[in-house]
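Throughout, a chain's letter reflects where its sequence line sits, starting with A, and its residues are numbered from 1. Atoms considered below: every heavy atom in the structure, side chains included; atoms not considered: hydrogens, waters and symmetry mates. The shown structure was predicted, so the numbers you read here are calculated from the model rather than taken from an experiment.
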Amino acid sequence: MTAAQVAATVMDVRRKGDYVALRLAAPRIAAGARPGQFAALAVGGSDSPMLLRRCFSLAGWDAGGIEVVLAVTGRGTAWLARRRPGDVLDVVGPLGQPFRLPERPQTCVLVGGGYGAAPLVPLAAALRAAGCPVRMALGAAGASRLMAVAAAEQIADTVTVTTDDGSAGRRGRVSDVLPDMLTGVGTVYACGPMAMLAAVARLAAGAGMPSQVAVEESMACGVGVCMTCVLPVIGDDGRTRMTRSCLDGPVFPGDRVRFEAVGTVPADAVGAP
Amino acid sequence: MTDPAVRLDPAVSLAGVTFRGPVFTASGCAAAGRELAPYLDLGTLGGVVTKSVMRAPRAGRPTPRMAETASGMLNSIGLQGPGIEAFLAGDLPWLAERGIAAVVSIAGHSAQEYGELARRLRGAPGLAMLEVNISCPNVESRGQVFACSAAGAADVMAAVRREIDVPVFAKLSPDVTDIVDIARSCVAAGADGLSVINTLLGVAIDTRTLRPVLSAVTGGLSGPAIKPVALRCVWQVHAALPTVPILGMGGIRSGLDALEFLLAGASAVSVGTAIFADPGAPARVQCELLTALAARGFGAVAEAVGVAHGLTAPREVVAYGDEL
């Protein structure tokens, strides 16, 4: 399903802990959406001084609309958080490569950090529908930065919560509890900060199982033309390329992302200086 | 796409080549067109100006490569691209098969490398024109910015001119003392036209980390913030070289923005950074521009070119209803 640019009416704006959930009437985007994909929202109106789209994972969808969850981190997300039902947003989606579901039913572990938990809820639902038992680990700095715990508890077989400050669940990081969750697991899925993804990919590889990670890189366009959201990824031919996370990601096999080199151009990358 | 009420011929001629419309994608803002196909009909545009292609594959600069600024953005992509071989095998045929006019932007480290790129492109199906990027600010050394020196710019344009017979446009930098001096030098060396302007060199600082936002420190500023600078450059170049066609660009996001460029002396325009906000922007801008031209009584795009130069005396204000 190709992406579409649509005028989407805001249906609902809700605060969820430290985050804001926006529900948007966007049936064309919802119709093609798959877990792990994202939408790119224009901010500030047609004469906006903010030129770049803000990209968010799809946290859920139904026949009529999509939901995205955002953290207010700057002027653009603050503007989005001030929208009210009835406002119209310019939205492009669904964009990016989704999580790949296993070909046969197998136990899956889903690891979310902060609002990175958002795309894991539709993923868990899709996995369960495909007959896969689902274990989830959701972590955040503190209780107010956890999200989707209640939704996860409804879908997943087990949910383990961690917080850095111990304000909810176990004190610590999701990577602390992950090793005990990997017994008998087929695939590990993760979405969250880069350091967490690196830890999850490393633990999964150490346990001999594949992982899929959804990265969050700063994007300007979301559709593959600006070349700002690149990170070093190993291709099928074994060579590292500066790869667009909007088109070729945001979901990558965990063992293909050169986490140690994110923010650099590795000397062995194709076309490196 | 075009309003049926508009009876204006959208075609434009640049250095003897006819293009379907007056609006092009700007180099570096549309890849080689394919990624934008879901959002607009590229075949209605004047053409796609491709991201600058170099001789070899190039990984570009480390991230962060982008900083949003007030009505603009800085980028330091650093000419990431697949290299001429992959470009000729994949990107250019994709445009040619769809009948989309390809204006291929080339960039190199030496006049010789530019010449070699032109030679490799000679006779390539779908190639309508070359835009010679002598002004990318995201190179390791500012000494490499050929457009900052009249002699350096002329060397590159002459090397390209020798190798190819499609129209050749030189893309100029606004970061020079006298853009007319560079423009004259390019034309004397064989450039058929001028693309005006590339980005301006800028810096943004993150007040939380106390460091530059971009890993490369400096980046190219684009977007509506630079439109008055771009218009000034178009104005100066057109005033000095009124017979040389100009592809105008810099901050265009509406048809009226584009009209300003035509009135200042551009024969056609490119839409760049606006694509990041609105992937359908080039087609929308073209539709708005044609409507605005028709509303003002122009019968062809060319009739508007440079008109503002002849209308310096006070003129009665006419409301066309499209100003908002």
Within a strict 4.5 Å, meaning less than it, do heavy atoms of the A/Arg241 and B/Pro82 side chains meet? no

Taking side chain as everything from C-beta outward and backbone as N, CA, C, O, which of these in A/Val92 sits under 4.5 Å from a heavy atom of chain B? Side chain, backbone, both or neither. side chain

More than 12 heavy atoms of other residues, nucleotides or ligands under 6.0 Å from CZ of A/Arg258: is that the case? yes

Please state whether the side chain, the backbone, both or neither of A/Thr240 comes within less than 4.5 Å of a heavy atom of chain B. neither

What are the two closest heavy atoms between A/Met227 and B/Arg65, and how far apart are they? O-NH1, 2.7 Å

So what's closer than 4.5 Å to chain A heavy atoms on B/Ala56: side chain, backbone, both or neither? neither

Residues B/Pro62 and A/Thr264: closest non-hydrogen pair is CB-CA, 3.9 Å

With no hydrogens and no angle check, is any side-chain donor or acceptor of B/Arg58 less than 3.5 Å from a backbone partner on A/Gly271? no

Report the option among A/Asp47, A/Val262, A/Leu231 that has the most heavy-atom pairs separated by less than 4.5 Å from atoms of chain B. A/Asp47

Other residues, nucleotides and ligands only: do more than 12 of their heavy atoms fall within 6.0 Å of CZ on A/Arg23? yes

Should A/Arg54 and B/Glu68 count as an ion pair when the cut-off is N to O under 4.0 Å? yes

Between B/Arg253 and A/Leu51, is any pair of side-chain heavy atoms under 4.5 Å apart? yes

Please look at B/Pro64 and chain A and tell me whether the side chain, the backbone, both or neither of the residue comes under 4.5 angstrom of a heavy atom of that chain. neither

So B/Met73 and A/Leu52, do their side chains get closer than 4.5 Å, heavy atoms only? yes

Residue pair A/Ala3 / B/Pro38: nearest heavy atoms and the distance that separates them: O-CB, 3.9 Å

If we only count heavy atoms from C-beta on, is the B/Met66 to A/Met219 side-chain gap below 4.5 Å? no

Can you confirm whether more than 12 heavy atoms, excluding those of A/Arg256, are under 6.0 Å from its CZ atom? yes

Pick whichever of A/Ser218, A/Ala4, A/Ser48, A/Ala42 has the most heavy-atom pairs under 4.5 Å with chain B. A/Ser48

What is the minimum heavy-atom distance between A/Val265 and B/Gly60, and which atoms define it? CG2-O, 3.5 Å

Most contacts with chain B, counted as non-hydrogen pairs under 4.5 angstrom, among A/Cys226, A/Cys229, A/Ala272: A/Cys226

Below 4.5 Å, heavy atoms only, C-beta onward: do B/Thr63 and A/Thr228 meet side chain to side chain? no

Measure distances from B/Thr273 to the heavy atoms of chain A and classify the residue's part below 4.5 Å as side chain, backbone, both or neither. side chain

Of all of B/Thr69, B/Asp278, B/Thr25, which one pairs up most often with chain A through heavy atoms under 4.5 Å apart? B/Asp278

Return yes when atom CZ of A/Arg100 has more than 12 non-hydrogen atoms of other residues, nucleotides or ligands closer than 6.0 Å, and no otherwise. no

Looking at side-chain heavy atoms only, is the closest gap between A/Val223 and B/Glu35 below 4.5 Å? no

